[in-house]
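Just so it is clear: chains get the letters A, B, ... in the order the sequence lines come, proteins before strands, and each one is counted from 1.
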Amino acid sequence: MNSLLASAVAGLSAGGAYAILGVCAVFTYRLVAVVNFTGAAIGAAGTFVMVTLYESGYPLAIGVPAGIAAGALVATWIGIVMTTWFAGASASTKAAVTAALLVGIIAVGLRLTGGQHPHSFPELVTGSAFRFAGVEVTRASLLTLAIAVVFTLVTEQFLARTRTGLQLRALSLRPMAAELIGIRVRLLALCVWAVVGAVTSFALMVIAPLRSPDFMSLSLLVVPALAAALIGAFTSFRAALIGGLMIGIIEGVASGLDTFSQYRGAIPFLVILAVLLWSQRGARWDEAR
Amino acid sequence: MTSLDIKGLVVNRSGIPIVRGIDLSARGGEISVVLGSNGAGKTTTLEGISGIIPAAGEVLLDGENIAGANAGTRARRGLRHVEQGRTVFAEMTVEENLAVALHPSANLDEAYALFPELVQRRGVNAGMLSGGEQQMLVIARALVGRPKVVLIDEMSSGLAPVIVSRLMSAVRTLADDGMAVVLVEQFATLALAIGNRAYVLRRGEIVYDGGCQALVRDPARLHALYLGEAGQAA
């Protein structure tokens, strides 16, 4: 029992990252109407900028901000592509474009980072925070959890209580009407992309040492991220937060069970499948009647 | 005094000319009414002026040509377009719909003074309002942006006559407060009753440019202009 709890707690760190990425996916969908497949790849780009600087001898105090800035820049570039050529496109077209961009970013990322050759990822936070029921809770787990919760709450309050938040909500509901009342639609959209890039980059920097440290593996964290966003129906930040944490914990528990440990990577796919089937239940029941 | 002058406006959709080189103007304190049958090019004209769709020609706002600016820039310069279809932000409250458009020198009380009906509904999501209330909200939302010129497209569509009269009265108030209003409307009689200058569009061209009262006094002529039996510029 204690080993299961230890596995679940171990999954908290990944769960925190999934939650951040999931909340960012909701953030992008709600505010700029894009199902973004590039979220984790953007974070991977920022993370590898940090790693490259670190491996070149620069201190983390330079590498981390530079990585965050690089993630924000890559995300802004994607935002420019989306707002310049696909502003009026349908949601499915935009999603397809980000899927294509994901493939491109992975290809370029693998080329620039030496394929799947592993790098030396520095741990931004080390050590144990405290012990819970005999299980060690790491500072990295706590930090990702804190970032996920704070980002969710700050985002909710920002959208509800600030003028820029109001403008972002208006933009997400009716982009053209927002533009016609003078809102700087493109600038706001690019800010959304930049924030997503910065946050995902930092989140991946924290958890990268715990994952397969190559560009492809980090980029494919988009799968649990989208599973978390799906749990929130791409609208609820809190549900995406909880969903991301749950997926991480379930993965952690599965890794502690011999029978399931080799299949734990499939858990996000199972979650996506389950959520999609659940969301279709009304239509199926109607059809059956 | 505020002025909007449109010169040689040409707007195409999918390569087909919809608006064919029209001239139109509006002055502060006046309502310019744009009439015409379905497909005449009224909505396209407004979309070309506000920058929603690309257009050729000059859009002179207080003498400055803003034709090269995008829709957002034109809006910030003082040209507000109230689209047809009651484009409220449905999941935001009435108050939030107004606040998001609020100019620093304006306040929400101006909107509530124009439409007291909205006061009781200020905390309600705009998507829950009736059609008439939604139309009031989008007009009020334009008002609190402190525009120089307001383009209003088919605000009466799908509304009861008593509501339409209420809206027409509010639009007249906006003009009396100094705004220039360009009003595209299907209900010609009601629009002409509050308007100063009328334009009748047919197949993308202006076939009447003159006073509203001349058309009010001569319904047969208005009918003929709509149907194309006696197209002429006054």
Problem set entry | A:Thr98 vs A:Val34 side-chain heavy atoms within contact, under 4.5 Å | yes

Exercise. Checking B:Glu83 against chain A: side chain, backbone, both or neither under 4.5 Å from a heavy atom?
Worked result: side chain

For this session: Could you look at B:Val88 and say if it's the side chain, the backbone, both or neither that has a heavy atom under 4.5 Å from chain A?
Result: backbone

For this session: Salt-bridge test for B:Glu110 and B:Arg146: reply yes if a basic N is under 4.0 Å from a carboxylate O, no otherwise.
Result: yes

Exercise. Does CZ belonging to A:Arg163 count more than 12 external heavy atoms closer than 6.0 Å?
Worked result: yes

Exercise. With a 4.0 Å cut-off, would you call B:Lys42 and B:Glu185 a salt bridge?
Worked result: no

For this session: Please determine, among B:Val138, B:Leu102, B:Thr73, the option with the most heavy-atom pairs under 4.5 Å with chain A.
Result: B:Leu102

For this session: Heavy-atom distances under 4.5 Å only: say whether B:Arg74 touches chain A with side chain, backbone, both or neither.
Result: neither

For this session: Inspect the surroundings of CD in A:Glu156 and state if more than 12 heavy atoms from other residues, nucleotides or ligands are less than 6.0 Å away.
Result: yes

Seminar exercise, completed: Of B:His81, B:Arg77, B:His103, B:Met92, the largest count of non-hydrogen pairs under 4.5 angstrom with chain A goes to B:Met92

